[in-house]
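The structure under discussion appears below in the form of structure tokens.
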Amino acid sequence: MTDSHSVTLTNKTTEKSFDMPVLSGTIGPDVVDIRTLQAQSGMFTYDPGFISTASCSSSITYIDGDEGVLLYRGYPIEQLAEQCTFLEVCYLLLNGELPDKKQLDSFTRNITMHTMVHDQLTNFFKGFRRDAHPMAVMVGIVGALSAFYHDSLDVKSKHDRDLSALRLLAKVPTIVAMCHKYSSGLPFMYPKNKLTYVENFMWMMHGTPCEDYQQNSVLVRALERILILHADHEQNASTSTVRLAGSSGANPFACITAGIACLWGAAHGGANEAVLKMLEQIGDVSQIDTYIKRAKDKNDNFRLMGFGHRVYKNYDPRAKLMRETCHEVLTELGLHDDKLFKLALELERIALEDEYFVAKKLYPNVDFYSGIVLRALGIPTNMFTAIFAMGRTVGWIAHWDEMISDPEQKIGRPRQLYKGAVKRNVTPISTR
Ligand code: CMC
């Protein structure tokens, strides 16, 4: 960051002015550095939802929402999605550079060596109802990891942070698959180290002890793409949650669990599940107009799930790639005639032409299509957000690690505009 110029804020009431430095990144908008504002003026800034606030500096991911650009460590998402595996992208996000063959082999071997979970962890599942939402189980089980891996919890040690990162990347897919098996009443499947990361996940999800499981390369590649497209997205709600949790020195397993909890919400990672539920609710192409009208009605809280994005106001580059994958998967499985898929494509067409959606720049986001692909991959709807969490784990870890290593890092502690009662005295209960 360079301190190129400054801006002056003037309080018109007191006629006092304050100079604030302007900082420039390598690309993207400049930021006004307001760190001394409170000391100079006694005032805070007010920005609910962080619409105009850069909460940190970061070198991991860059988004230009107007141009539909998404870069991981400088590389366009389109090139990564087309040319790399998920583990190459993980290495890139964690280390800043793409791996060479030797580095990738060693990284893959290290991940593979950590895919099993402590056997006692399986007991935790039995404490959950079989019909519990998988994200509720994920929050419990991933949170419990810090009770098992005491030897990698010193957040100041790079060795411990790297070991925790490997453990999380390796074990989260195993836990996601276990959540599915538990809710289906099926036996847990142990990881198979001869398989790739994604093949292994497909095996743990869909395999059973009594049948051979046939991998389908189109489906494996589709899931690989889902994971790549969800791997990171700069300071989104769950990543900011992980950073905030980590800013107090909490251990990585606890911080990633905080991210999983935040991701669950329907406005964030829960959207892919909400898309499928919405399509089921709409039910038939003939009902689309009714639901489009409801989405536009200010007095109705119905929203078209899978449409709109806080940052992307022209198109979501991930959605473009996911749409492509969606068609590949539907073709491979001969599902183009499926009622729900036809409904989704028609909804997409109508919303893209509708004046309200066009004027508000509400385009289909990645989760509109990822839900459709996941359904085609045979993944139950209530598992969709857990798959998102599996992809995003690497992004959360990269941001957590970057934050811990940042010499400017401080515990996150926002302030507020207080609008409550002014100071008053407690009266005895008999007189209230
Ligand atoms: N359907 C109907 N109207 C919408 C929608 C929608 N999906 N999204 C936004 N609007 C309207 C909203 O009512 C508001 O109208 P007005 O200006 O008249 O009050 C306007 O568009 C701006 O909406 P906002 O909620 O202020 O925008 P935001 O940037 O705070 O919210 C969003 C972004 C993603 C939360 C929102 O678009 C939404 O709820 N979308 C549906 C949920 C969804 O698909 N989320 C997944 C996001 S992609 C995955 C991820 O990265 O987590």
Side-chain angles (χ1 to χ4, degrees), residues 47-53 60-66 68-70 72 77 135 225-242 259-279 281-282 288-323 344 347-348 350-374 381 384-396 399:
D47 187 19
F50 305 113
I51 307 280
S52 297
T53 298
I60 301 173
T61 289
Y62 174 75
I63 301 173
D64 182 333
D66 293 327
V69 170
L70 170 59
Y72 292 166
I77 191 66
M135 286 298 277
R225 187 170 274 197
I226 289 183
L227 298 182
I228 292 172
L229 298 184
H230 286 85
D232 194 38
H233 216 224
E234 54 121 298
Q235 310 308 324
N236 58 86
S238 56
T239 302
S240 298
T241 302
V242 170
I260 295 173
C262 176
L263 186 76
W264 192 0
H268 191 9
N272 51 16
E273 177 177 346
V275 168
L276 252 282
K277 284 190 175 149
M278 174 191 76
L279 291 174
Q281 187 186 356
I282 297 175
I288 291 180
D289 279 351
T290 312
Y291 282 89
I292 295 260
K293 278 199 193 95
R294 284 190 59 190
K296 295 196 243 182
D297 182 354
K298 281 256 154 278
N299 301 316
D300 190 329
N301 62 11
F302 175 81
R303 281 189 170 197
L304 271 198
M305 299 315 287
F307 282 78
H309 199 274
R310 167 63 63 79
V311 183
Y312 296 119
K313 298 300 177 195
N314 259 330
Y315 73 94
D316 177 344
R318 303 168 303 169
K320 210 171 163 186
L321 291 157
M322 206 67 250
R323 189 178 195 278
L347 179 64
E348 175 202 31
I350 294 174
L352 282 174
E353 287 170 2
D354 190 282
E355 215 177 289
Y356 171 94
F357 285 88
V358 174
K360 291 194 184 298
K361 302 188 179 230
L362 299 169
Y363 300 95
N365 57 50
V366 64
D367 287 329
F368 183 71
Y369 303 106
S370 66
I372 300 171
V373 175
L374 287 170
T381 312
F384 289 2
T385 312
I387 306 278
F388 188 157
M390 188 171 121
R392 185 56 58 84
T393 296
V394 65
W396 290 330
H399 281 272

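As the structure lists them, so they are numbered: ligands from 1, and atoms in each ligand from 1.
For atom 11 (C) of ligand 1, the nearest protein heavy atom (residue, atom name, distance) is Tyr356 OH, 3.6 Å. The single protein non-hydrogen atom nearest to atom 51 (O) of ligand 1 is His309 NE2, 3.4 Å, given as residue, atom name and distance. Of all protein heavy atoms, the one lying nearest to atom 10 (N) of ligand 1 is Leu362 CD1, 3.7 Å. If you check which protein heavy atom lies closest to atom 20 (C) of ligand 1, you get Lys360 CD, 3.9 Å. Among all non-hydrogen protein atoms, the one lying nearest atom 2 (C) of ligand 1 is Ala295 O, 3.7 Å. Leu304 N, 3.1 Å is the protein heavy atom nearest to atom 1 (N) of ligand 1. Looking at atom 23 (O) of ligand 1, its nearest protein heavy atom turns out to be Arg303 NH2, 3.9 Å.
By the 4.0 Å heavy-atom criterion, Asn236 is excluded from the residues contacting ligand 1. Residue contact annotation: Arg318 has a non-hydrogen atom under 4.0 Å from ligand 1. Distances shorter than 4.0 angstrom occur between a heavy atom of Lys298 and an atom of ligand 1.
For Lys296, the NZ atom sits in a packed shell: over 12 heavy atoms of surrounding residues, nucleotides or ligands are nearer than 6.0 Å.
Looking at Ser370, Pro364, Ala267 and measuring to atom 35 (C) of ligand 1, the nearest heavy atom belongs to Ala267.
Using a 30° and 60° split on the angle between ring planes, His233 and Tyr312 fall in the tilted class, from 30° to 60°.
Contact atoms of ligand 1 toward Gly306: 43 (C), 44 (O) (distance under 4.0 Å to a heavy atom of the residue). Taking every heavy atom of His268 and a limit of under 4.0 angstrom, the matching atoms of ligand 1 come to 46 (C), 50 (C), 52 (O). Heavy-atom proximity to Ala271, at under 4.0 Å, picks out these atoms of ligand 1: 43 (C), 44 (O), 45 (N), 46 (C).
Within the 4.0 Å heavy-atom criterion, both parts of Arg310, backbone and side chain, lie near ligand 1. Contact annotation for Lys313 and ligand 1: only side-chain heavy atoms (C-beta onward) come within less than 4.0 Å of the ligand.
In this structure, a donor-acceptor pair under 3.5 Å is absent between the side chains of His268 and Asp367.
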